[in-house]
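Everything quoted here is computed from the prediction, not taken from an experiment.
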Amino acid sequence: MVHLKSERELELVRASADLVSRTLGEVARCIAPGVTTLELDDIAEQFVRDNGAEPAFKGYVANGLPPFPATLCVSVNDAVVHGIPDRYCLREGDLVSIDCGVRLNGFYGDSAYTFAVGEASDEDARLCRITFEALNLGMAAAQDSARVGDIGHIVQRHCEAAGYGVVRELVGHGIGRKLHEDPQVPNVGRPGRGRRIRCGATICIEPMVNRGTSHVTTDEDGWTIRTADGTPSAHYEHMVAITLDQPEILTTFAYIEEVVEQPPYWLGNVTHD
């Protein structure tokens with residue numbers, strides 16, 4: 001069942017969304033060659049707890065797996081999502097997806113951003129740009145009474161037209177008092193199909209896009225998802241509230257923009273190459 005938020009609940013969701021956005025901004029300050037993914041995780045956890053919240057991912061249990069051991073999912077290069085922070089040192093040219101979740105005053109926030117460590121290759125920069133554009137297109141489609149297939153279709157069409165593989169096995173989701181609520185929000189779909197979304201719903205839209213195949217594999221840790229062909233992957237995620245007017249984007253990348261020089265794909269001009 002999709003839980004439609006009251007205005008009071010929506011205010012609490014906004015606060016969680018702002019905190020998770022600020023946490024990503026704090027992590028962005030520290031992304032550089034030689035920094036370990038575990039160091040990034042420590043920075044995020046301290047920031048979340050200092051702001052009166054709890055890490056949403058730490059201790060999370062799914063599908064009988066061991067509890068997730070970290071505050072961040074840190075996924076480097078061919079890791080799509082759910083990478084476990086460790087002593088890996090970031091290197092010049094790496095792509096690193098940082099996914100963060102928080103729980104504040106009983107409500108969850110969730111957002112993700114893919115960073116280039118130093119200078120990205122032209123191919124990786126294009127992958128990030130197309131994925132970011134797909135996120136914006138998907139959010140624009142998140143209108144009252146739209147269906148999740150409308151969102152998935154526009155994300156899929158944009159990414160596949162660029163020659164990329166859109167991950168099928170992983171989806172966006174509703175969010176609120178639980179980290180993962182109904183409805184599921186796939187990144188592929190057909191217009192007019194799937195669950196209808198209504199004013200008051202809060203959802204996470206999160207394209208996960210591979211430079212090569214759409215197929216993925218799972219590491220022995222049970223959590224880390226990788227591209228099946230070893231090509232890099234990009235992942236962006238925003239929380240969105242469905243309103244009677246335009247969708248309200250609850251999370252923001254503005255705190256990241258204060259730290260990271262805007263790459264070309266931040267210019268906001270959707271291209272269809």
Side-chain angles (χ1 to χ4, degrees), residues 1-24 53 56-57 81 99-113 131-159 166-168 170-209 235-256 266 268 270:
M1 184 177 68
V2 178
H3 178 67
L4 304 181
K5 278 65 173 183
S6 66
E7 186 54 40
R8 171 57 182 160
E9 289 174 318
L10 189 54
E11 283 299 315
L12 293 170
V13 174
R14 288 189 183 105
S16 296
D18 181 67
L19 178 56
V20 81
S21 300
R22 288 191 288 123
T23 305
L24 286 177
F57 299 165
V81 287
D99 192 353
C100 183
V102 304
R103 184 176 184 270
L104 177 67
N105 297 322
F107 285 83
Y108 285 89
D110 189 6
S111 186
Y113 187 93
T131 306
F132 182 75
E133 289 173 351
L135 171 64
N136 286 324
L137 290 167
M139 291 190 299
Q143 303 283 341
D144 180 47
S145 295
R147 294 185 181 273
V148 295
D150 300 326
I151 298 171
H153 172 73
I154 199 165
V155 169
Q156 178 183 7
R157 182 179 65 183
H158 187 66
C159 295
V166 182
V167 176
R168 266 76 167 164
L170 303 158
V171 297
H173 52 91
I175 190 168
R177 289 190 181 275
K178 296 180 179 180
L179 179 60
H180 297 114
E181 297 182 348
D182 287 335
Q184 291 189 350
V185 186
N187 294 303
V188 297
R190 296 174 62 185
R193 299 293 182 91
R195 294 284 292 272
R196 195 179 296 277
I197 51 177
R198 301 284 190 182
C199 177
T202 48
I203 61 175
C204 290
I205 299 175
E206 49 177 322
M208 290 155 274
V209 182
H235 173 214
Y236 294 90
E237 177 180 13
H238 266 320
M239 294 170 59
V240 178
I242 310 304
T243 75
L244 290 175
D245 192 16
Q246 295 301 309
E248 178 186 351
I249 304 173
L250 300 171
T251 42
T252 178
F253 294 147
Y255 302 110
I256 296 173
W266 269 100
V270 176

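In this structure, D110 contributes its side chain and G101 its backbone to no donor-acceptor pair below 3.5 Å. For the pair S111 (side chain) and V20 (backbone), a donor-acceptor distance under 3.5 Å is absent. With D150 contributing its side chain and R147 its backbone, the two residues share a donor-acceptor pair below 3.5 Å.
Using a 4.0 Å cut-off between charged nitrogen and carboxylate oxygen, E9 and R14 do not count as a salt-bridge pair.
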Check your understanding: Could you walk me through whether H238 and F253 pass the ring pair (Phe, Tyr, Trp, His ring centres under 6.0 Å) check?
Key -> CA-CA 9 Å; H238 266 320; F253 294 147; 4.0 Å; yes

| Step-by-step side chain to side chain contact (heavy atoms under 4.5 Å, CB included) determination, H173 to E237 | CA-CA 11 Å; H173 52 91; E237 177 180 13; 3.6 Å; yes

Checklist line | Verdict with supporting geometry, V240 and E248, side chain to side chain contact (heavy atoms under 4.5 Å, CB included) | finding: CA-CA 6 Å; V240 178; E248 178 186 351; 6.0 Å; no

- Message: Between D144 and T243, is the side chain to side chain contact (heavy atoms under 4.5 Å, CB included) condition met? List the steps.
- Response: CA-CA 6 Å; D144 180 47; T243 75; over 6 Å; no

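The side-chain hydrogen bond (donor to acceptor under 3.5 Å, both in side chains) pairs that include a residue from residues 189-199 are S145-R198, where partners are two or more places apart or lie in different chains.
Scanning both residues, P207 and A134, for their nearest heavy atoms gives CG-C, 4.2 Å. For A112 against H235, the heavy-atom pair with the smallest separation is CB-CE1, 3.5 Å. Minimum interatomic distance between A142 and I197 (heavy atoms only, all atoms of both residues): CA-CD1, 4.0 Å.
Dense packing is recorded around CD of Q143, with more than 12 heavy atoms of other residues, nucleotides or ligands lying under 6.0 Å away.
In this structure, the separation between CD1 on I175 and NE2 on H3 is 13.0 Å, given to the nearest 0.5 Å. A distance of 10.0 Å separates CD1 of I242 from CG of L4, quoted to the nearest 0.5 Å. Atoms CZ and CD, on F107 and E11 in that order, are 11.5 Å from each other to the nearest 0.5 Å.
Of the listed residues (I205, N187, L137, V188), just one forms a side chain to side chain contact (heavy atoms under 4.5 Å, CB included) with I151, and that residue is I205.
Looking only at atom types and distance, the side chain of Y255 has a donor-acceptor partner in the side chain of D18 under 3.5 Å away.
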